[in-house]
Protein chains: 4
Amino acid sequence: MKRSEEKKKQKRNALLKSAYELFTTIGYHKTTIMAIALKAGVAKGTFYLYFKDKEDIRDALIVAKSSQILRSALDAMNQSGQSLPPVEKLIFLVDYIIDVLARDIALLRFVSKNLSWSLFINSGRYHQSDEDALDFRAFLVEMLETDGVPVTREMELTIFTIIELINSTCYSVILNGEPVTLSEYKPFLYDRIRLLFAHQ
Amino acid sequence: MKRSEEKKKQKRNALLKSAYELFTTIGYHKTTIMAIALKAGVAKGTFYLYFKDKEDIRDALIVAKSSQILRSALDAMNQSGQSLPPVEKLIFLVDYIIDVLARDIALLRFVSKNLSWSLFINSGRYHQSDEDALDFRAFLVEMLETDGVPVTREMELTIFTIIELINSTCYSVILNGEPVTLSEYKPFLYDRIRLLFAHQ
Amino acid sequence: MKRSEEKKKQKRNALLKSAYELFTTIGYHKTTIMAIALKAGVAKGTFYLYFKDKEDIRDALIVAKSSQILRSALDAMNQSGQSLPPVEKLIFLVDYIIDVLARDIALLRFVSKNLSWSLFINSGRYHQSDEDALDFRAFLVEMLETDGVPVTREMELTIFTIIELINSTCYSVILNGEPVTLSEYKPFLYDRIRLLFAHQ
Amino acid sequence: MKRSEEKKKQKRNALLKSAYELFTTIGYHKTTIMAIALKAGVAKGTFYLYFKDKEDIRDALIVAKSSQILRSALDAMNQSGQSLPPVEKLIFLVDYIIDVLARDIALLRFVSKNLSWSLFINSGRYHQSDEDALDFRAFLVEMLETDGVPVTREMELTIFTIIELINSTCYSVILNGEPVTLSEYKPFLYDRIRLLFAHQ
DNA sequence: TATGAATGAGATTTCATTCAT
DNA sequence: AATGAATGAAATCTCATTCAT
C-alpha cells in the first residue's frame, strides 16, 4: 500500500471513530457533519471526500462494528469452544456477544437501534462491496453442517427465531434490567434455546 | 362537555391524525411542524397550544396507536375467543395483532420503530396520566390467573420472552418477507409458543 | 366611586405592579404581555382593556414611579427642610432622592433607563392627561421664587445643568461604584452644586 | 495579509455598516439579522460567521463608533490645539466632539443610548482585546500630567463629573433643543467647566 | 487533496393581537 | 367586562452542501 493510500485509510478511520463517539454520546440526529470533521481533525469539506453524507457514514459504522463483534466471538470459539456440541457452540457465541454488549452499552444501543442483527441475517443486503462484512447466518449454517447437523427448512426458521429472540430480549434486559437482570435471564434463555433447538 | 372543549378535542385529533399520516409517509424527521399544522387545517402556532414539540406529538401517537390495536384485539377475543384454553387465548390475541399489522405496514413500521411493544411491557412507564393507555402484560397475567394458571416468576419470563419474540420476528417477516412469508411462519411460531408455554 | 370602578382601578394597579416587577427583573423586551397578565391574575385579552400595548404600560409606569419618588421627597422636605436656604433645599431634595434610588437599584435602573428625569424637566410632554404627574422643574422654580431668588435665564440653565449632572453621575456611581463610592461622592457633588449655584 | 483575510475584513465591515444604518434609522429592536445581511449583500447565515447575535454586532459598533469619534478629536487637537492650556485643551476636545455629534444626530442617539461614554470612562471593561478601543479618561489624565497638572483624587472626580455633565446635557440639548439651543448652551457650559476645573 | 467561507433553505418557536363566546 | 383559543407574521439560528482557492 502506498503512503498516500495509508493516509487516506487513516483519515477515513478517524472520521469513523469520531462519528461513532458522537453518535453514541449525543445521538445520531444531534451530531453534525461539522462536529464529526472537527473531532477527526479535518476540515468540513474533507468529510465529503470520504462519505456521501451522514447516513453513509452511519451505515459504514454499522457494518464495521457488527462485523467486529462477530469476528471476535468467532475467534474466541475457535480458541476454546471447538469441541462443544452444535447447540452449545451456538450458545457459546451468543453468550460471548451478550457479554460484549453488556459491557459496552453504547455499542449495544448503536448496533441494536441500527438494525444490526439483520446484518447477520439478511445476507449481503447492506454489505455489498464491503470487505469487512460477515454473515452470521451463513456461518452458523456452515458450522452446523460441518458438525453433521442437517440444516432443514425448519432448522433455518429455528435459527432465525433464536437470533431474533436473543436480539430483542437482550436489548430489553441489558438496557432496562427488566423484567429481570441479565444474570438471571441468561440461564432461562439458554435453556429455551436448547428447547427450541431440540424440538425439530 | 362544553362546546369549546369538544372543539379542542377535535383539533387535537386532527393534529394527531395529520402527524400520523406524515410520519408514516414521509418519515418522522422529514415531517415539519408546519406541514402537520397545515394538513390539520390550523395555524402553525396552534400546534404549540396542543403539543410541546414534535417528540411530544409522536409519543402521544405511539400511546394512542398501540392502545388502539390492543383494545381491538381484546374486543375481538371477548367476542369469539372466550372459551379457548389459556395458551390459545394468547395465540388468538397475537394472531389478531399480527393480522392488523400485516394489513397496515405503515402502522407496523411506526409502532415497531417507536418502542411500541415496550409500552405493553413496561407497565406505565410511558402512559402516566394517559387515559388511553393499556398494559398488555398486566392484562395477560390477569387473564391467565382468571383461567387458573398460576403466574410464577418463570411464567412471567416466558410471557416476556414470547412477546419479544413475536415483536421482532414479525417485524422482520412482515416487512421483509424473510426468511419466510408470514403465512409460512405463523404455524411455526404458534407451535413454538405452545412449546415454550408448556415447558414450565 | 362605584364598586365597578374600584374593581377596574384595582385591576389596572395589579397590571402595573406585575409589569414593573417583570420589567425590573427580566427586562422590558423579554417581558411578554402574557406574563404580565398571568402575574396580575387576569387573562391575556384583559390586558388590552386597560393598556394599548407594552409601551403604553411602560410609559404609565414611568410617570407613576417618578411622581411617587418626587412626591415623597417633597413630603420629607415639607416636614423637616422648610427653614433651609434655597440651595440647601435643593440639596435636601437631591439627597433624599439619591438615597431612595440607592436603596432600590431596580427602581433606579428602571427610572433612569426610561428617560425619567426628563419627565421632571420636559414639562408635560409625557403626562398629558395623567393626574399623577408632577413637574420637578416647575416646582423648583416656584420654590426658589417663593424664597425670593429671582429665576433668571441663567438660573434656569443652572438648574437644568444641575439636574442632569445629578442624574448621570448618580447613575454611574450607584450602579458601578465607579470611580468612587456614593458616600465619597456625595460631599463632592453637593459642594459643586453650591459652587454652580453661587456662580451666577 | 492574505486575500481571504482581506475579504473577511471587508465583509465584517459591510455588516457593521449596514447594521449601523439600520439601527440608527429603524431602531435596534426593529432591525432584523436578515435585514442586516441583505443590506450588506451577504446571506443570512454568513452573519453568524462574523457575529454571535444582534447584541454582539451592536457592542462591536459601539466600540468602533466611540473610538472613531475620540480618535478624530485627538487628531484635531494634535493639529491645532497643542499650545493651549490644560483646561482649554479639554474644552477643545469637548467642543470638537459636541460638534461631531450635533452634526450627526443618529450617531449621537446611537452612541448615547448605548452606554458609549462609559466606554471612555470604564477603562477597558468593554474593550478587552479590541484593537480599536480608546480610553478617554486615561488620555485626559496623561495629557494633564504632561502639562504639569497633578492629577489628585479630587481632580479625577472633577474629570468624571465634567464628562458626565457634558454627556447628559448635550444629549438633551442637541436632541430636544431644550431648555436652550446648543449655541446658547455651549458658552454657559464651557464657563462652568472652567469653574469646576479651577475650583480644586 | 484539502480547506473553510459562503450559502440559503428550512426548522422551530414566540408572542402581540384579534375575536367569538 | 372578561376570557383564552387561534392566528400567523416574524425572528433567530442551524447545518448540509458547494466551490473557489
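Just so it is clear, the structure is predicted and the values come from calculations on it, not from any experiment.
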Q. Any cation-pi pair here, D:Arg58 with D:Tyr28, using under 6.0 Å and within 45°?
A. yes
Q: Could you say whether D:Lys54 or C:Ala43 is positioned toward the 5' end of DNA chain F, judged by the nucleotide with the nearest heavy atom to each?
A: C:Ala43
Q) Mapping B:Gly41 and C:Gly45 onto DNA chain F by nearest heavy atom, which one lands closer to the 5' end? A) C:Gly45
Given atom [atom1] of [X] and atom [atom2] of [N], what is their separation to the nearest angstrom?
X       : N      : atom1 : atom2 : answer
C:Lys30 : E:dC15 : NZ    : P     : 11 Å
D:Met34 : F:dA9  : CE    : P     : 15 Å
D:Lys8  : F:dT21 : NZ    : P     : 16 Å
A:His29 : F:dC15 : NE2   : C1'   : 14 Å
C:Ile57 : E:dT17 : CD1   : C1'   : 16 Å
B:Arg12 : F:dA5  : CZ    : C1'   : 16 Å
A:Tyr50 : F:dT17 : OH    : P     : 18 Å
D:Ile36 : F:dA11 : CD1   : P     : 11 Å

Q) With a 3.5 Å cut-off and just heavy-atom distances, do the side chain of C:Lys44 and the base of E:dT17 make a donor-acceptor pair? A) yes
(Q) Using a 3.5 Å limit for the pairing distances, which stems of at least 3 consecutive Watson-Crick or G-U wobble pairs does DNA chain F take part in? (A) E:2-21 with F:2-21
Just call it for [X]: base, sugar-phosphate, or nothing, with non-hydrogen atoms closer than 4.0 Å on any strand.
X       : answer
B:Thr32 : sugar-phosphate
A:Phe51 : nothing
C:Lys11 : sugar-phosphate
D:Ile33 : sugar-phosphate
A:Phe47 : nothing

Q. Do the rings of D:Phe110 and D:Tyr20 sit parallel, tilted or perpendicular, given the 30° and 60° boundaries?
A.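 Geometry flag for D:Tyr20 against D:Phe110: perpendicular rings.
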Q.
Checking the side chain of C:Thr24 only, and the main-chain atoms of C:Glu21 only, is there a donor and an acceptor separated by less than 3.5 Å?
A.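 Judged by distance alone, yes, a pair lies under 3.5 Å.
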**Q.** Main-chain N/O of A:Val63 paired to A:Ser66 side chain as donor or acceptor, under 3.5 Å
**A.**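 No.
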Q. At under 4.0 Å, does any side-chain N or O of D:Tyr48 touch on OP1 or OP2 of E:dA6?
A.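 D:Tyr48 to E:dA6 OP1/OP2: no side-chain N or O under 4.0 Å.
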Q | Inter-residue atom distance B:Lys65.NZ - B:Gln68.CD, 0.5 Å rounding | A |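 B:Lys65 NZ to B:Gln68 CD: 4.5 Å, rounded to 0.5 Å.
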List the atom pairs, donor and acceptor, that lie under 3.5 Å between side-chain atoms in residues 31-40 of chain D and the rest of the protein, sequence neighbours left out.
unit_1  : atom_1 : unit_2  : atom_2 : d
D:Thr31 : OG1    : D:Leu22 : O      : 3.4
D:Thr31 : OG1    : D:Gly27 : O      : 2.6
D:Thr32 : OG1    : D:Ala35 : N      : 3.0

Q.
Tell me if the NZ atom of C:Lys8 is crowded by more than 12 foreign heavy atoms within 6.0 Å.
A. no
Q.
As a test of reading the structure: which of E:dT7, F:dC13, F:dA6 is closest to the side chain of D:Val42, going by heavy atoms?
A. E:dT7
